[in-house]
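Numbering of ligands and ligand atoms starts at 1, following listing order. Keep in mind that the numbers below use all heavy atoms, side chains included, and drop hydrogens, waters and symmetry copies.
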Amino acid sequence: MKKRTQLVHGGTKRSQWGELSEAIFLTQGFAYDSAEQAEARFIQSGPDEYIYARYGNPTVRMFEERIALLEGAEDGFATASGMAAVNGALVSMLKAGDHVVSARALFGSCLYILETILPRFGVEVTFVDGADLDQWTAALRPDTKAVFFESMSNPTLELVDIAGVSALAHTVGATVVVDNVFSTPVYSKAIEQGADVVVYSATKHIDGQGRTLGGVILGTQEFIRKTVEPYMKHTGGSMSPFTAWVMLKGLETIDLRVRAQTSTALAIAEAVSGHDKLHQVIYPGLPEHPQHGLMLRQIGKGGTMVSLDLSGGKEAAFRFLNALEIVLISNNLGDTKSIVTHPATTTHQRLSPEQRASLGISDGLVRLSVGIEDPDDLVADILQALAQA
Ligand SMILES: *Cc1c(COP(=O)(O)O)cnc(C)c1O
């Protein structure tokens with residue numbers, strides 16, 4: 001089956017009632033036919049044999065199987081949030097004395113795990129500029145156990161070369177863990193390109209309608225079942241069956257949504273390109289973007305996010321946000337509703353001005369997450385707000 005078909009039918013498990021839509025198995029436990037069956041299941045539970053929802057649940061399993069098919073991964077483990085996925089992927093495989101190399105431009109909570117939590121447990125972390133392969137080469141050591149990066153960074157949409165970093169990391173035997181949220185599972189070919197483990201915040205494009213928090217860790221069956229599952233099932237970061245059902249229904253439409261969002265994002269980037277209120281339009285789908293070639297090789301499309309750097313700094317950015325009539329001011333992304341964020345005063349407020357400057361986050365930078373509204377309405381809204389900026 002091709003991906004669009006798998007997204008509708010993949011992983012489906014029907015009960016004896018033959019329900020058309022996937023059932024929500026809102027149950028934490030499972031009754032056994034006999035004491036012998038309970039004993040056997042605790043020794044070794046087979047596929048579709050469940051014990052307790054923290055370990056696994058039929059609705060959660062349907063979601064894991066469907067997203068694994070989309071990603072082209074052998075297996076997956078669904079988690080309570082994107083951060084439970086990042087934490088689970090890293091902490092389940094690391095121990096005191098290990099070394100990790102990570103890109104510096106990270107989502108705030110990812111940075112907290114790598115900069116604060118892992119070192120507290122004796123893991124040494126070296127940070128590099130993710131787009132610079134020479135820095136990865138210099139930082140990797142024989143004891144490097146894992147490398148971590150976001151394949152497209154927030155909010156400056158800088159790409160990290162998955163194939164390039166993976167080839168380098170594998171020379172020292174390190175496991176490559178990619179947070180692929182901004183690239184989206186629709187365009188991802190991360191495993192084919194060398195990543196060992198791919199994590200998503202399912203809160204973003206997978207739900208795609210701003211309802212639930214969730215995440216998923218994808219990788220080989222060996223890694224998911226032997227390393228991730230024992231850690232997750234005993235530490236409590238599993239996804240709830242209700243959330244898994246929302247995410248399953250999200251997967252049915254993700255391809256249609258993300259492709260529409262991407263095509264509108266390109267239309268917006270083209271419409272505002274060269275605008276006199278803008279210092280810069282950042283969109284990897286524009287031919288003039290410095291990483292356009294890498295973007296074509298790695299994901300093939302520019303994605304659903306566009307960042308605009310307003311020449312007038314914070315005042316102009318605030319006037320722009322406040323003038324928007326359709327686009328909402330919020331900090332989710334990948335949603336059907338278009339959303340605008342001012343990173344310097346919200347998501348990246350905690351960083352010092354110097355840190356923000358080193359990450360390219362100016363006071364005039366705004367991040368747009370493009371939704372599924374009519375493209376003409378969005379372009380008109382953005383142009384009228386820019387006129388007032
Ligand atoms: C949102 C996000 C996360 C965290 O996901 P939650 O579902 O909010 O826990 C991690 N990485 C990236 C790149 C994100 O955008």
A student checking ligand 1 against Ser81 at a 4.0 Å heavy-atom cut-off should list atoms 7 (O), 9 (O)
closest protein heavy atom to atom 7 (O) of ligand 1 is Thr203 OG1, 2.6 Å
So which protein heavy atom does atom 9 (O) of ligand 1 come closest to, and at what separation? Met83 N, 2.9 Å
Donor-acceptor side-chain pairing of Thr243 and Arg211 below 3.5 angstrom: no
Just checking, any donor-acceptor pair under 3.5 angstrom between side chains of Thr346 and Asn331? no
Give a yes or no answer on whether the side chain of Thr79 reaches the backbone of Ser238 with a donor-acceptor pair at less than 3.5 Å. no
What is the nearest protein non-hydrogen atom to atom 6 (P) of ligand 1, stated with its residue, atom name and distance? Gly82 N, 3.3 Å
State whether a side-chain donor-acceptor pair under 3.5 Å links Glu71 with Ser188. yes
Can a donor-acceptor pair be found between the side chains of Thr262 and Tyr187 at a distance below 3.5 Å? yes
Are any of the N or O atoms of Leu213 closer than 3.5 Å to those of ligand 1? no
Atoms in ligand 1 with a heavy atom of Val181 nearer than 4.0 Å: 12 (C), 13 (C), 15 (O)
Polar side-chain atom of Tyr50 near backbone of Ser45 as donor-acceptor pair, under 3.5 Å: no
Side chain of Glu158, backbone of Ser153: donor and acceptor closer than 3.5 Å? no
Which ligand 1 atoms are under 4.0 Å away from a heavy-atom of Phe182? 15 (O)
Tell me, please: is Asp179 in heavy-atom contact with ligand 1, that is, under 4.0 Å? yes
With a 3.5 Å cut-off and no angle check, do the side chains of Asp207 and Thr212 form a donor-acceptor pair? yes
For ligand 1, is Gly214 a contact, meaning one of its heavy atoms is under 4.0 Å away? yes
Protein heavy-atom partner closest to atom 1 (C) of ligand 1 - residue, atom, separation in Å: Lys204 NZ, 1.4 Å
The protein heavy atom nearest to atom 3 (C) of ligand 1 is Phe107 CE2, 3.4 Å
